[in-house]
Amino acid sequence: MPVFRFAPSSNGELHLGHAYSALLNAKLAKAQSGRLLLRIEDIDTTRCTPEFEASIFRDLSWLGLKWEEPVRRQSEHFAEYDALLQRLIREELVYPAFMSRGEIRAYIADSEKRGRDWPRDPDGAPLYPALDKALSPSERRRRIDDGAPFAWRLDTDAAIARLAEPLSWTEFADETLSAANEIEARPQDWGDVIVARKEIPTSYHLSVVADDALQGVTHVVRGRDLYAATGIQRLLQHLLGLPAPVYFHHRLIPGPDGRKLSKSLGDTGLATLRENGTTPAEVRRLVGF
Ligand code: GLU
């Protein structure tokens with residue numbers, strides 16, 4: 001049976017873009033006689049709050065959505081993500097990366113001063129200068145024992161080198177999910193992504209692939225802004241022996257100024273719309289249903 005999911009982060013209020021994503025997942029789950037799961041992505045325990053989580057439930061219920069209980073809350077599953085991380089550590093597919101944000105910035109600025117354009121990931125963030133990869137095991141151990149802060153980063157080149165053939169994913173052509181294309185995964189575009197941090201013992205990429213597999217998600221329907229991320233997530237799925245769902249990355253709902261909606265655009269927030277007298281039927285029309 002097809003399993004769909006809507007997986008918002010509880011670090012802000014839902015807006016029209018979330019409404020579209022949730023309604024589309026519900027519509028497709030219904031059309032395919034599938035299941036719809038709701039997952040709260042709250043690994044960032046400093047920015048995610050119980051209040052935002054409650055507002056997600058309130059907004060989705062107001063829209064008339066129903067989902068299965070219990071809802072999976074990622075912050076309750078750090079031990080499961082850690083078990084996957086330990087596998088990657090054992091297989092030497094991740095390494096401790098010690099450079100702080102400031103050191104990374106300074107290193108890149110220095111390199112760019114000398115005329116080298118630093119490569120950026122599909123989201124525009126500079127790739128990690130993978131200097132730590134060259135550290136000897138004893139030097140790594142010494143720094144860790146000294147209490148130096150570090151993050152576990154994927155050795156993306158090493159991981160790609162272990163592939164028998166290039167990775168791809170199945171992407172539906174439109175929201176009817178009738179035709180699909182195979183898309184080449186380009187994990188190399190992301191460089192050495194963070195798999196786990198000290199203060200957050202997992203990462204978005206690790207927990208999303210873990211949960212999609214654990215919850216038996218077969219269809220990942222989410223915004224176009226996560227299209228390229230699928231490349232690195234496919235690599236993690238492969239390394240961890242997790243099944244690959246099929247994907248559809250839907251259009252994004254633009255804000256009144258034509259720009260991408262963000263959690264700070266209060267007037268497109270579902271709670272604000274509701275307070276201003278907008279009805280769920282109007283929300284459906286606003287997002288194009
Ligand atoms: N939690 C992510 C977000 O709110 C979505 C994750 C996903 O759908 O893969 O942007």
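Order of appearance sets the numbers: ligands from 1, and atoms from 1 within every ligand.
With salt bridges taken as basic N to acidic carboxylate O contacts below 4.0 Å, one links D192 and K133.
Residue contacts with ligand 1: E41 is placed with a nitrogen or oxygen under 3.5 Å of a nitrogen or oxygen of the ligand (distance criterion only). Every N/O-N/O distance between P8 and ligand 1 stays at or above 3.5 Å.
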Original post:
Passes side chain to side chain contact (heavy atoms under 4.5 Å, CB included), M99 versus D132? Steps please.
Top reply: CA-CA 8 Å; M99 285 174 87; D132 313 276; 4.3 Å; yes
**OP:** Any chance you could lay out the ring pair (Phe, Tyr, Trp, His ring centres under 6.0 Å) test for W67 and F4, step after step, and finish with the verdict?
**Re:** CA-CA 10 Å; W67 55 87; F4 293 77; over 10 Å; no
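Ligand 1 places these atoms under 4.0 Å from at least one heavy atom of R5: 7 (C), 8 (O), 9 (O). Every atom of ligand 1 with a heavy atom of R222 under 4.0 Å away is listed here by number and element: 7 (C), 8 (O), 9 (O). With ligand atoms numbered from 1 in the order given, ligand 1 contributes 9 (O) to contacts under 4.0 Å with heavy atoms of V208.
Side-chain contact between R47 and S9: absent, with no pair of heavy atoms (C-beta onward) separated by less than 4.5 Å.
Taking a 4.0 Å cut-off on heavy atoms, Y204 registers as neighbouring ligand 1.
Cation-pi geometry between R251 and Y20 is met: under 6.0 angstrom from the ring centre, within 45 degrees of the axis.
A side-chain contact (heavy atoms from CB on, under 4.5 Å) with S10 is found for one member of T49, D44, D42 and no other, namely D42.
Here V220 has no heavy atoms under 4.0 Å from ligand 1, in either its backbone or its side chain.
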